[in-house]
Amino acid sequence: MTVRTRFAPSPTGYLHIGGVRTALFNWLYARQQGGQFILRIDDTDGARNLDEALEPILSGLKWLGIDWDEGPGIGGPHAPYFQSQRAAGHRAAVERLLETGHAYRDFATPAELDEERKQAQAAGLPFLYSRKFAAFTAAEAAPFAAEGRQSVVRLKMPREGSLVIEDSVRGRVECAWEREQDHVIQRADGSCLYHLASVVDDHDLEITHVIRAEEHLSNTPRQAFIAMSLGYALPVYAHLPLVAEPGSRTKLSKRKLAQYLKNPDFKQISEHGTKIAQRIGLAPEADTFNPVIVDFYREVGYLPWAIDNYLALLGWSYDDKTEFFSREELIRCFSLERINSSPASFDPKKLWAVQDHFMHALPIEEKLALMLPMLARAGLVDDPPTAAAVNTVRQVIEASGDRLKVAGDILAYADFFLLDPPPMDEAAVKQRLAKPGARALLQQFAEAIGALPAFEPTALEEALKRVVEQAGVKTGDLVHAVRVAVTGKTVGPGLYDCLQILGRERVLARIDRALPLCG
RNA sequence: GGCCCCGUCGUCUAGGGGUUAGGACACGGGCCUUUCAAGCCUGCAACACGGGUUCGAAUCCCGUCGGGGUCACCA
C-alpha cells in the first residue's frame with residue numbers, strides 16, 4: 001500500500017509556523033516512504049476571497065520546498081482538492097449514516113438542549129443528551145417538521161466501551177465512548193461540518209496516515225466513529241506535539257504577538273526583520289509580518305531550508321548529535337518513531353543559529369543571487385543591476401563573510417559602497433572623528449595612501465601602521481577614524497577590504513569630506 | 001470542572017535498569033583582533049516530587065504536583 005499523507009489548511013491568509021511544521025512532517029514521511037503528499041484546502045465555510053486567502057499558503061509551501069503531488073494548481077486523480085467542492089460526497093455519507101442508524105435527525109431546539117444541559121449540571125452529572133428524537137420514525141417526526149422546526153443530523157455515538165487507537169507518536173490511547181457527545185455532522189441547511197467532511201475526504205483521497213497536531217487528539221474518537229460507521233479502514237494516526245510559545249508550553253498563536261515581543265530573543269529577531277522590511281519598501285503590519293508567520297522569513301531573506309531543518313528538530317531528532325541535514329538526508333533519516341511526544345517551544349535564537357549555519361555554507365554566487373534583488377528593492381542598485389554594481393556587491397559579500405546572516409543583511413553592509421556620499425552616522429562621527437588629533441591623523445593617512453603603488457589590503461595596512469607609528473598613537477585610533485570617515489559607520493567588513501573595494505579615489509574624497517567633521 | 005496528553009540543563013534534545021547523564025542553541029570567561037561577525041579553548045547548567053519493584057531506578061509501577069490540549073450547528 002502506498003503511503004499517502006495530507007496537509008489540509010483552511011484558507012486563512014497566512015501560513016503559521018506551527019502549520020508548516022505539520023506540513024513538513026507529512027511531506028517528509030510521504031517522501032521517505034516513496035508515497036504521495038496531498039494538499040487539500042479545508043474551506044468548508046465558503047471563504048469569500050479564496051484566492052487571496054490561499055495565495056500566501058501556497059506560495060509559502062512552495063518557497064519552503066514542500067511540494068505536493070496532488071492538490072491546488074496541479075489537480076490529480078482525486079480532484080477536486082477543495083473541501084467546499086466535495087459537499088455532495090459529504091451529504092451522501094450523512095445519508096448512509098442515517099440509513100444505518102449511526103446518525104439521527106434531531107429536531108430539538110437550542111432551548112431544549114440547554115434545558116437538558118442545565119438539569120444534568122444541577123444533578124451534578126455529566127451531560128448526556130436524551131436524544132429523544134433518535135427513535136422517531138418519519139411519521140412521528142412529521143409534526144415537528146410541519147411546525148416549522150429545523151433539524152440537524154447528529155451522530156449516535158456509542159455509550160459503552162471504549163476506543164483504542166495506536167497512535168504512532170503516543171502509543172496506545174484509550175477513550176471511553178460515554179465521554180463523547182452526539183456531535184452534529186450536518187446543519188439544517190444541509191451543509192456538513194468539518195469532522196464529517198474531513199473523514200470522508202481523507203477516505204476518498206485514500207489518505208493512509210493522518211499526521212496532525214496534538215490539538216486534534218481529542219477529536220479522534222468521533223472521527224474514528226464516523227469512519228468505522230461508514231465502513232472505512234482507519235488511517236494510521238500520528239499526533240504531533242504542539243509547537244509552543246518561546247519559553248513556554250502553551251500553543252503558539254499568532255494572536256499573542258504582543259506577549260511574545262516581551263521575550264528578548266523573539267523581539268530581537270522581530271526587530272531585525274522589521275528593519276530590513278522597511279528598507280525594501282514593505283510597510284510591515286505586525287499582524288501579518290512577524291516571526292510566527294512564514295512570510296516574515298521569506299521577505300527578510302532567510303533560507304527556506306534553514307526553516308525546514310530547524311522545524312524538523314522541533315519534536316523530532318535523529319540521534320544525539322546530528323542537527324544539520326540536506327534535503328535528501330532529512331528525507332532518508334526521518335521517521336515517525338522518533339517524534340517526541342512532549343511540546344516543543346519555538347526558539348528564535350536556535351532558528352537563527354541554523355540559518356547562520358546554512359548561510360555560512362552557501363556559495364558566493366548563490367548569496368549574490370539572493371542579495372541582489374534585496375538591493376534592487378531598496379533602490380541601492382538598478383534592476384537589473386549594472387555589471388559594475390554586481391561586481392561591487394560580490395566583493396562586499398566576500399569581504400563581509402559570516403556577518404551576513406540573512407539576505408536582507410546585505411542592505412546594511414553594502415549601502416555605503418553603493419551610495420556616494422554615504423550616510424554618516426552621527427553617533428559614530430561623534431565617537432570616532434570629533435576627537436582631538438583625528439584630523440591630523442586622517443590627513444597623514446590620506447597622504448600615505450595617495451602615493452601607494454598598489455591599493456590593496458596588505459599595502460594599506462602597512463601604510464596605516466606607518467602613520468600610526470610616526471604619530472605615536474594606537475592603531476585603533478586611526479583605524480576607527482578611517483572607518484567612520486569612509487563608511488559613515490562603526491561596523492562593517494574588515495577596514496582594508498572596505499578601502500580596496502571603494503578604491504583610492506573615493507576613499508580620498510571621503511576622507512576629505514570628513515575632515516571638517518573632525519575635532 | 002470532565003476527559004485526554006505531557007514532565008531530562010533557560011531552550012531543542014540523546015539516553016528507556018548499572019553512564020563522570022552526552023550533544024546543540026543561549027549564557028559566562030579566555031584567546032585571536034581595527035569594528036562587527038566568525039573561529040579556537042573553557043566554564044555554568046537538568047532527570048518535578050513522594051512511594052514502591054530491584055542488589056541497583058532518570059529509566060519499570062502507583063500516587064501527587066505541575067504544565068498543556070480539548071470540551072461548537074469553527075476549521
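Chain letters run A, B, ... following the sequence lines, proteins first, then strands; residues in each count from 1.
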Under the salt bridge (Lys or Arg N to Asp or Glu O under 4.0 Å) rule, what do A:R6 and A:D202 come out as? Steps first, then yes or no, please.
CA-CA 8 Å; A:R6 48 75 163 174; A:D202 282 347; 2.8 Å; yes
Go through the steps for A:E115 and A:R117 under the test salt bridge (Lys or Arg N to Asp or Glu O under 4.0 Å), then give the verdict.
CA-CA 5 Å; A:E115 184 54 32; A:R117 210 170 257 125; over 6 Å; no
Just do the salt bridge (Lys or Arg N to Asp or Glu O under 4.0 Å) check on A:D265 and A:K350 with the steps written out, would you?
CA-CA 10 Å; A:D265 296 344; A:K350 180 75 184 237; over 6 Å; no
Between protein and nucleotides 32-34 of chain B, what N or O pairs are separated by less than 3.5 Å?
residue: B:U34; atom: O2; partner: A:R483; partner atom: NH2; Å: 3.4

What does the list of N/O pairs under 3.5 Å between the protein and nucleotides 64-66 of chain B look like, with a distance for each?
none

Extract from the structure each pairing of a protein N or O with an N or O of nucleotides 8-12 of chain B at less than 3.5 Å, listing the distance.
residue: B:U11; atom: O3'; partner: A:S345; partner atom: OG; Å: 2.9
residue: B:C12; atom: OP1; partner: A:S345; partner atom: N; Å: 2.9
residue: B:C12; atom: O2'; partner: A:L313; partner atom: O; Å: 2.9

Listed pairs, N/O of protein and of nucleotides 18-22 of chain B, under 3.5 Å:
residue: B:G22; atom: N2; partner: A:D320; partner atom: O; Å: 3.2

Nucleotide N/O of nucleotides 39-43 of chain B paired with protein N/O under 3.5 Å:
none

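Distance noted for atom P between B:G16 and B:U64: 28 Å (whole Å). Nucleotides B:U11 and B:U53 place their C1' atoms 35 Å apart, quoted to the nearest Å. The same atom, C1', is picked in B:U13 and in B:A58; the two are 15 Å apart, to the nearest Å. Comparing the same atom, C1', in B:G15 and in B:G22 gives a spacing of 8 Å after rounding to whole Å. To the nearest whole angstrom, the two P atoms, one in B:G51 and one in B:U59, are 13 Å apart.
Mapping A:G401 and A:R338 onto RNA chain B via the closest heavy atom, the residue that lands nearer the 5' end is A:R338. When each of A:R179 and A:V152 is assigned the nucleotide of RNA chain B bearing its nearest heavy atom, the one mapping closer to the 5' terminus is A:R179.
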Review item, side-chain donor-acceptor pairs of residues 475-486 of chain A, under 3.5 Å, at least two apart:
residue: A:D477; atom: OD2; partner: A:K474; partner atom: N; Å: 3.4
residue: A:R483; atom: NH1; partner: A:P493; partner atom: O; Å: 3.1
residue: A:R483; atom: NH2; partner: A:P493; partner atom: O; Å: 3.0

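The nucleotide B:C49 finds its pairing partner in B:G63, both defining distances of the Watson-Crick or G-U wobble pair being shorter than 3.5 Å. When both distances must be under 3.5 Å, the Watson-Crick or G-U wobble mate of B:G18 is B:C55. Partner assigned to B:G69 is B:C3, using Watson-Crick or G-U wobble distances below 3.5 angstrom. With a cut-off of 3.5 Å on both Watson-Crick or G-U wobble distances, the partner of B:C31 is given as B:G39.
In this structure, A:D182 contributes its side chain and A:M157 its backbone to a donor-acceptor pair below 3.5 Å.
Neither OP1 nor OP2 of B:G7 sits under 4.0 Å from any side-chain N or O of A:N340. When the side-chain nitrogen and oxygen atoms of A:T250 are compared with OP1 and OP2 of B:G68, one or more of them lie within a distance under 4.0 Å.
Taking the centre of each ring, A:W305 and A:Y297 stay at or above the 6.0 Å mark. Remark: aromatic rings of A:F133 and A:F144 are close, center separation under 6.0 Å.
Summarising the geometry, atom CD belonging to A:E95 is positioned 6.5 Å from atom CD belonging to A:Q186; distances are rounded to the nearest 0.5 Å. For the atom pair OH (A:Y81) and CZ (A:R86), the distance works out to 7.5 Å, reported to the nearest 0.5 Å.
Taking a cutoff of 4.0 Å between a charged side-chain nitrogen and a carboxylate oxygen, A:D42 and A:R40 qualify as a salt bridge.
Residue-to-nucleotide contacts include a donor-acceptor pair under 3.5 Å from the side chain of A:R403 to the base of B:U35.
Picking from B:C74, B:C73, B:G69 the nucleotide with the shortest atom distance to the side chain of A:R187 gives B:C74.
Looking at heavy atoms from C-beta onward, A:Q268 lies in side-chain contact with A:K349 at the 4.5 angstrom threshold.
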